2 protein chains.
Amino acid sequence: MKSDDIKEAALKYFTIHGYEGASLSQIAEEVGMKKQSLYAHFRGKDDLFLQVLHDAKETELLSKLQYFSNLRSSQPEEDLYGFLQLIVDLFQQNEQLKFWLRMSFFPPAHLQKEVDLEVIDIEEKTQALLQEKFRKWINEGLLHAEHPRIPTLAFFGVVDSIMLELVYMSDTKRLQEKLEASWKVFWRGISIR
Amino acid sequence: MKSDDIKEAALKYFTIHGYEGASLSQIAEEVGMKKQSLYAHFRGKDDLFLQVLHDAKETELLSKLQYFSNLRSSQPEEDLYGFLQLIVDLFQQNEQLKFWLRMSFFPPAHLQKEVDLEVIDIEEKTQALLQEKFRKWINEGLLHAEHPRIPTLAFFGVVDSIMLELVYMSDTKRLQEKLEASWKVFWRGISIR
DNA sequence: AGATAACTTACGAACGTTCGTTAATCAGAG
DNA sequence: CTCTGATTAACGAACGTTCGTAAGTTATCT
């Protein structure tokens, strides 16, 4: 499918240069066609962008849901640390997560409304899922007793900081060091004494 | 000074629309002049951007250095939590921190080198400063004994996640809740039991 | 003080280029 | 023949930048 090639190229340039900085000529050239030909597949730049955005969001959401549904054991230490590693892996496999991160925090001004809808959707779902996990773990006495919303929000904080580090990353060693440090302190902060 | 008005307007549009999305016409219009007149003050768009960037970095660096040098007491709990509040205050006072955050993580591609130099500079200085603080606190037995680099990196992680939340922020209540949660877990993770 | 020179700031006009988009045309496949 | 997808051509609009110029300010010298 040629549309997928276009979306792949668009993802790349949107990620590097942002919405305004990415030009349809570049994207078209990447897939070996003229920019006017893109209009056979998409209604325009906005349409292309929103489809790429939706795809990126869906794959990210799916990856996270799959990770949590494939957990057999109830071992918060492994499960949570594994989730952080999942984020790192996703970042290095596809460009989609980096694109998603950039656009969810710095969306093109005239599409902020549409972007926000996607952001809110994925956030509510993952947060509800994780908070439920924490609720169980706390009830089972595996974690420090407190309202599950607290470790949930704190963990998303760790995830966010790791993603930011992944964006900036020049060096894998530095990333791993920061991940270990954040995880160590976080785990000590939620585990039972 | 008219140059300052221009830089102020430029900061605003760079923050909202990014480098590529901000146009000199808009910036000029904001200060009540034509875009050609900007060239009496700056050599071009890149020059304007880099000056705004440098100013933003300097004020942020200065704010952080001042905060740490004005600490009289050796009370990590107050000092660290106060630093988080400082970040929140800086974000709501000036636009500069939001601009800085956006550009340090998603710089215009052709200026990445120049931006990186500023980022590395501010990061090295603040990190060295904070790590020294942690070293002292740990030596005084006020914090959990470990290599000071660990709580330093973890704390910067908390700071980053708070800043991301400030960028996204639609709601002050949500921000405060996330800040409290991250702080609670972080503090429990580094304090002595 | 008054005249002159130099510098600063702003403007209109125009430059060449690129942008996203539309329309007409054409090749190839079912 | 029809339909899908790609092309060429062309569009108005906006981009950053340069030029020449005019007005205002400052500095220098007699």
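Computed from a prediction, not measured in an experiment: that's the story for all the values here. Residue numbers start from 1 in every chain, and the chains themselves are labelled A, B, ... in the order their sequence lines are given, proteins ahead of strands. The figures here come from the full heavy-atom set of this structure, side chains too, leaving out hydrogens, waters and symmetry mates.
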S.K.: Counting heavy atoms from C-beta on, name the nucleotide in C/dG12, C/dT9, D/dT18 closest to the side chain of B/Ala40.
M.R.: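 Between C/dG12, C/dT9, D/dT18, the one nearest the side chain of B/Ala40 would be C/dT9.
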
S.K.: Return yes if a side-chain donor-acceptor contact under 3.5 Å exists between B/Asp46 and B/Tyr19, otherwise no.
M.R.: yes

S.K.: Measure from the side chain of A/His41, starting at C-beta and using heavy atoms only, and say which of C/dA10, D/dG5, C/dG12 lies closest.
M.R.: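 That would be D/dG5.
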
S.K.: Where along residues 5-31 of chain A does a heavy atom fall under 4.0 Å from DNA chain D?
M.R.: none

S.K.: What residues form a side-chain contact (heavy atoms from CB on, under 4.5 Å) with B/Asp171, not counting sequence neighbours?
M.R.: B/Lys173, B/Arg174

S.K.: Find the distance A/Leu38:CG to C/dT21:C1' and express it as a whole number of Å.
M.R.: 11 Å

S.K.: In whole angstroms, how far is the C1' atom of C/dG12 from the OH atom of B/Tyr39?
M.R.: 16 Å

S.K.: Taking atom types as they are modelled, is there a donor-acceptor pair under 3.5 Å from the base of D/dG5 to the side chain of A/Lys2?
M.R.: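 No pair found.
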
S.K.: If we ignore hydrogens and angles and just use 3.5 Å, is the side chain of B/Lys64 paired with the main-chain N or O of B/Lys125 as donor and acceptor?
M.R.: no

S.K.: Could you check whether any side-chain heavy atom of B/Trp187 comes within less than 4.5 Å of a side-chain heavy atom of B/Leu143, counting everything from C-beta outward?
M.R.: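 Side-chain contact under 4.5 Å: yes.
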
S.K.: Would you kindly compare B/Lys35 and B/Gly32 by the position of their nearest DNA chain C nucleotide and give the one closer to the 5′ end?
M.R.: B/Gly32

S.K.: Nearest whole Å is fine: how far is D/dG16 P from B/Phe42 CZ?
M.R.: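 That distance rounds to 15 Å.
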
S.K.: Of the nucleotides C/dT21, D/dT17, D/dA6, which has the atom closest to the A/Ser37 side chain?
M.R.: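 Comparing C/dT21, D/dT17, D/dA6 against the side chain of A/Ser37, the answer is D/dA6.
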
S.K.: Are A/Phe106 and B/Phe105 close enough that their ring centres sit under 6.0 Å apart?
M.R.: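 Centroid distance A/Phe106-B/Phe105: not below 6.0 Å, so no.
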
S.K.: Look at the side chain of A/Gln36 and decide which nucleotide, out of C/dT22, D/dG5, D/dT18, has an atom nearest to it.
M.R.: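 Of the options given, the side chain of A/Gln36 lies nearest C/dT22.
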
S.K.: Can you tell me if B/Lys34 touches the phosphate of C/dC11, counting only side-chain N or O atoms and a distance under 4.0 Å to OP1 or OP2?
M.R.: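 For C/dC11, neither OP1 nor OP2 has a side-chain N or O of B/Lys34 closer than 4.0 Å.
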
S.K.: Give the intermediate values and the outcome of salt bridge (Lys or Arg N to Asp or Glu O under 4.0 Å) for residues A/Glu146 and B/Lys184.
M.R.: CA-CA 11 Å; A/Glu146 60 194 332; B/Lys184 209 167 189 173; 5.1 Å; no

